[in-house]
Amino acid sequence: MEHAEEDVDAVEEGQEEGTEDVETTKKTTQAALTQAALQNPQVLAALQERLNSMRGVTSGYIESLPPPVKRRIKALKKLQAKHSDIESKFYEEIHELELKYAQLYAPTFDRRRDIVNGAIEPTDSDCDWQSDDDEDEDADTPSADKLAVSTDELKEKASTEEDQNKEVVGIPDFWLTVFKNVDILSDMVQEHDEPILKHLQDIRVVFSKPSEPMGFTLEFQFASNPHFSDTLLTKHYKMRAQPDETDVLGFEGPEIVGSVGCKIDWQKNMNVTVKLIKKKQKHKQRGQTRTVTKTVKNDSFFNFFDTQKAPVEGEDLDSDTEALLAADFEIGHFFRERVVPRAVLYFTGEAVDDDDFEEEEDDEDAEGEEGDDEEDPDYNPTGEKPAECNQQ
């Protein structure tokens, strides 16, 4: 009888564990789906639209407050508006500070450009930087007594390697590699874009002057190439640093409100942003068919240089347009804040690792670890050393 009860208990425990595993799997799956959905621009646009529609919807609590309290709330809102005005001046000064430091950064960016493109060769002091790769190379280098080759063979091999090294100019495909290592950019780069991006020599951020409306321009400098005659492609982003008069209390700092691209002077039959498709058309009455050729938009990184017009006040945008604008602004901001300042780290993949991981706190795990410590026979909450540890 006792054995039967034990078997029943074991079955129930197994069922409970199975239920916990299923629940854990469900939570993991839901979290993954949520994360994937939040990375979709269309989903984000729909969520933003939903949040905007909810703005101003209250539970009725504020409306139920007595008039004297409502009057004091108006005073607080006026103070909040004053705070927003002061905050806008703070961001204007931050912009002036960015201009100052942009001039200080310029020499380092100039030297980076020259090294990448092979205009100069870095000095020994320039290269005085210890990295993990150097340690790996030292570990892999065999000692002289272990080399089973003649001196002549070593000289010949060294001469061959030197000749090969002379053929390599700068850092080949530097910016193309950066693009391919960044998810948000690699999704934009198509196979037909890669031969063009191999000619990309530098990317710069140019901030607007204090006397101009706030904004910044991304400058893409290209070497002469067979694809287009331009050597400089630009994308300017307009920003608003002052509170919106229609929503003063919603001010959260400068925001991108529009962008202006540039016209690319493509060489004949080299425009990768369009493609030709052939369609058959049938005459409704005669029944005759004909083949027509149409030019349609083609997926390409160089569509990035299209102008994205800012929405007119009060204009309702469809979800696709909102998603397009949001993505364009996000990419422009990412170039400015991450890619240009930290290009070498995206080239090596080090910055990619930093962006992929975020710190998370798990209180439950921490509590569980404390519980495990108490069950540990060596657990000592007083912090005192055991007697044998005090012996000299």
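Quick note: numbers below take in every heavy atom, side chains included, and nothing from hydrogens, waters or symmetry partners. This chain uses plain numbering: 1 for the first residue, then up along the sequence. Because the structure is a prediction, the values reported are computed rather than measured.
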For T293 and K278, indicate whether the former's side chain and the latter's backbone hold a donor-acceptor pair under 3.5 Å. no
Stepwise side-chain contact (heavy atoms from CB on, under 4.5 Å) check, V272 with W266: CA-CA 9 Å; V272 296; W266 294 97; 3.6 Å; yes
I331 and L185: side-chain contact (heavy atoms from CB on, under 4.5 Å), yes or no, with the steps? CA-CA 8 Å; I331 293 165; L185 300 179; 4.1 Å; yes
Qualifying salt bridge (Lys or Arg N to Asp or Glu O under 4.0 Å) pairs with a residue from residues 101-112, counting only residues at least two apart or across chains: D110-R113, D110-R204, R111-D126
Taking atom NZ of K297 as the centre, does the number of heavy atoms from other residues, nucleotides or ligands within less than 6.0 Å exceed 12? yes
Same apolar cluster: L76 and V69, side chain cutoff 4.5 Å: no
Side chains of V296 and V274: closer than 4.5 Å at any heavy-atom pair? no
Take K198 and D193, measure what salt bridge (charged side-chain N to carboxylate O under 4.0 Å, His left out) needs, and give me the verdict at the end. CA-CA 9 Å; K198 287 176 179 288; D193 293 325; over 6 Å; no
Determine, using the 4.5 Å side-chain heavy-atom cutoff (strictly less than), whether I120 and V169 are members of one ILVMFWY cluster. no
Evaluate the side-chain proximity of K294 to L276: yes if any heavy-atom separation is below 4.5 Å, no if none is. no
Trace of the side-chain contact (heavy atoms from CB on, under 4.5 Å) decision for L324 with D328: CA-CA 6 Å; L324 186 63; D328 179 62; 5.7 Å; no
Answer yes or no for K235 and F304: cation-pi contact, defined as NZ/CZ to six-membered ring centre under 6.0 Å and angle to ring axis within 45°. yes
Between V206 and F216, is there a side-chain heavy-atom distance shorter than 4.5 Å? no
Can you tell me if CD on E191 sees more than 12 non-hydrogen neighbours from other groups inside 6.0 Å? no
Main-chain N/O of L232 paired with D230 side-chain donor or acceptor, under 3.5 Å: no
Check whether any side-chain N or O of E337 sits under 3.5 Å from a backbone N or O of F334 as a donor-acceptor pair, and report yes or no. no
One should read off an interatomic distance between K70 NZ and S64 OG, to the nearest 0.5 angstrom, of 7.5 Å
What's the separation between atom CG in N181 and atom CG in L176, rounded to the nearest 0.5 Å? 9.5 Å
Just so I know, are the side chains of Q267 and S229 near enough to count as touching, which here means a heavy-atom distance under 4.5 Å? yes
Is there a path of hydrophobic side-chain contacts, each under 4.5 Å between heavy atoms, that joins I171 and I196? yes
Non-hydrogen side-chain atoms of F90 and I86 separated by less than 4.5 Å: no
Roughly how far, to the nearest 0.5 Å, is OG of S84 from CG of L79? 11.0 Å
List the steps, then state whether side chain to side chain donor-acceptor pair (under 3.5 Å) holds for S300 with N298. CA-CA 6 Å; S300 169; N298 191 28; over 6 Å; no
Might you work through the side-chain contact (heavy atoms from CB on, under 4.5 Å) test for N271 and F302, ending with a clear yes or no? CA-CA 9 Å; N271 190 348; F302 291 89; over 6 Å; no
In sequence, state the C-alpha distance, the side-chain angles, and the governing distance for E98 and R336, and then conclude on salt bridge (charged side-chain N to carboxylate O under 4.0 Å, His left out). CA-CA 12 Å; E98 285 180 319; R336 166 184 161 165; 2.7 Å; yes
Please assess H236 against S208 for the test side chain to side chain donor-acceptor pair (under 3.5 Å), listing each intermediate value before the final yes or no. CA-CA 10 Å; H236 178 73; S208 60; over 6 Å; no
How close do V116 and F174 get, heavy atom to heavy atom, and via which atoms? CG1-CB, 3.6 Å
Take a 6.0 Å sphere around CG of D265 and say whether it holds more than 12 heavy atoms from other residues, nucleotides or ligands. yes
Which value, rounded to the nearest 0.5 Å, describes the distance between K263 atom NZ and L233 atom CG? 11.5 Å
Note: M214 and Y91 closest approach over all heavy atoms is CE-O, 3.9 Å
F228 backbone acceptor or donor facing N225 side chain under 3.5 Å: yes
M188, I203: one ILVMFWY side-chain cluster at the under-4.5 Å cut-off? yes
Side-chain contact, heavy-atom cut-off 4.5 Å: D202 with W175? yes
Smallest heavy-atom separation, P341 atom then R338 atom, equals CD-O, 3.4 Å
Separation between CD1 of I73 and CG of L65, rounded to the nearest 0.5 Å: 5.0 Å
Quick one: closest heavy-atom pair of V340 and F109, and the distance? O-CE2, 4.0 Å
Mind checking whether E194 and K180 have side chains closer than 4.5 Å, heavy atoms only? yes
Under 4.5 Å between side-chain heavy atoms, counting indirect links through other Ile/Leu/Val/Met/Phe/Trp/Tyr residues: same cluster for L345 and I115 or not? no
Distance, nearest 0.5 Å, that separates NZ of K78 from NZ of K74: 12.0 Å
Residue from F220, Y237, F329 passing ring pair (Phe, Tyr, Trp, His ring centres under 6.0 Å) with F335: F220
Side chains of F222 and Q201: closer than 4.5 Å at any heavy-atom pair? no
